[in-house]
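Predicted model, so just to flag it, every value in this text is computed and none were measured. Ligands are counted one by one from 1 in listed order, and the atoms in each one are counted from 1 as well.
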Amino acid sequence: MKKIGVVLTSLLLVAGLVTGCGSTAPTTTPAPTSGSGTEQSADVKAIKDRGVLKVGVKVDVPKFGYKDPKTGKIEGFEIDLANVIAKKIGIEKVEPAAVTAKTRGPLLDSGDVDLVIATFTVTEDRKKSYNFSDAYFTDGVRLLVKKSAGFTSLKDLNGKKIGVAQSATSKKAIEEQAAKVGAKVSFLEFATYPEIKAALDSGRVDCFSVDGSILFGYLDDSTVILADSFSPQDYGVASKLGKDGLAKLVNVTIAELKKSGELDKMIQKWGLK
Ligand code: GLU
């Protein structure tokens with residue numbers, strides 16, 4: 001009897017090994033749609049154990065990351081994306097931290113945030129300092145001017161002053177485009193977008209330029225966004241170099257959202273398409 005028991009046990013063990021034990025295969029959820037890469041690495045596990053995902057987001061870009069002054073709540077497409085990534089890690093809680101173009105890199109460096117999801121354009125240069133996911137949105141650089149100025153295109157801004165954000169891609173993008181259309185422009189750099197809008201209103205600059213999605217938040221009755229749209233900006237989720245498990249999990253999540261059509265739904269939900 002004892003012998004049969006031993007044989008049976010070994011048979012079961014062998015069967016278990018052959019089928020891969022089955023203990024890690026989810027029984028109720030469907031198989032992941034895109035490859036593996038979500039098994040928890042040490043860096044992801046540390047976030048899971050902490051129970052919150054700390055994410056640098058914009059609070060002044062309506063529809064992407066915006067703090068509603070009435071409710072005090074931060075919401076937008078990029079906040080939704082942060083929540084999906086947190087769920088993928090296995091936690092519910094996202095702790096948002098307000099960032100600007102200037103502060104988002106340093107906040108990643110210091111470890112104050114795990115991820116930056118804040119209209120952060122992927123560039124070759126930035127890739128030397130951070131891990132970037134594949135793009136989840138693409139936007140163009142645009143120009144906001146006073147209606148009363150009568151400008152119709154970048155060419156009309158020849159000899160004019162353009163307000164841009166520090167540490168943003170805007171200045172370089174405009175310089176390249178201005179050279180193409182034969183316009184000579186100068187720049188004034190600011191730390192925040194509200195400051196650039198104020199400078200446009202007071203006439204210190206003739207144009208406020210950044211990605212269209214950011215500019216739309218500053219459009220009002222006295223201003224207009226010109227038709228020019230150049231230098232496509234691919235937005236990626238940034239994480240610290242070396243935290244490769246986290247970077248991989250983010251990328252798998254974005255790939256799955258793209259494949260299932262969910263990313264498009266999120267973009268449409270916020271009226272971004
Ligand atoms: N997306 C551009 C950048 O990464 C514009 C600046 C911003 O995101 O605030 O530089």
**Atoms in ligand 1 with a heavy atom of Ala168 nearer than 4.0 Å** = 6 (C), 10 (O)
**Asked** Counting each atom of ligand 1 from 1 as listed, which ones have a heavy atom of Ala101 under 4.0 Å away?
**Response** 9 (O)
**Message:** Is the ring pair Tyr130/Phe120 parallel, tilted or perpendicular, if the boundaries are 30 and 60 degrees?
**Reply:** tilted
**Request:** Say whether Gln268 and Lys273, considering side chains only, have a donor N or O and an acceptor N or O under 3.5 Å apart.
**Result:** no
**Message:** List ligand 1 atoms under 4.0 Å from Arg126, heavy atoms only on the residue side.
**Reply:** 3 (C), 4 (O), 10 (O)
**Prompt:** Which part of Thr100 is near ligand 1, with near meaning a heavy atom under 4.0 Å away: side chain, backbone, both or neither?
**Reply:** neither
**Message:** Give the atom numbers and elements of ligand 1 that come within less than 4.0 Å of a heavy atom of Ile214.
**Reply:** 7 (C), 8 (O), 9 (O)
**Asked** Any luck finding a side-chain donor-acceptor pair between Glu195 and Thr192 under 3.5 Å?
**Response** yes
**Message:** Can you tell whether the side chains of Glu256 and Lys88 come within less than 4.0 Å, N to carboxylate O?
**Reply:** yes
**Request:** Would you mind listing which atoms of ligand 1 come within a distance below 4.0 Å of any non-hydrogen atom of Asp211?
**Result:** 1 (N), 2 (C), 5 (C)
**Message:** Are Phe190 and Leu219 linked, directly or through intermediate hydrophobic residues, by side-chain heavy-atom contacts shorter than 4.5 Å (ILVMFWY only)?
**Reply:** yes
**Request:** Verify the distance criterion only: is there a donor paired with an acceptor across the side chains of Asn251 and Ser133 at less than 3.5 Å?
**Result:** no
**Fill in**
Quick note on ligand 1: atoms under 4.0 Å from a heavy atom of Tyr235 include exactly 1 (N)
**Prompt:** Would you say Ser170 and ligand 1 have an N/O pair spaced under 3.5 Å apart?
**Reply:** no
**Asked** Do we see a donor-acceptor contact under 3.5 Å between the side chains of Glu78 and Tyr136?
**Response** yes
**Transitive ILVMFWY side-chain link Ile85 to Val44, under 4.5 Å** = yes
**Selection from Lys102, Arg104, Lys58, Gln233 by shortest heavy-atom distance to atom 3 (C) of ligand 1** = Arg104
**Part of Tyr193 within contact of ligand 1 (heavy atoms, under 4.0 Å)** = side chain
**Complete:** Logged contact type for Val210 with ligand 1, heavy-atom cut-off 4.0 Å, is side chain
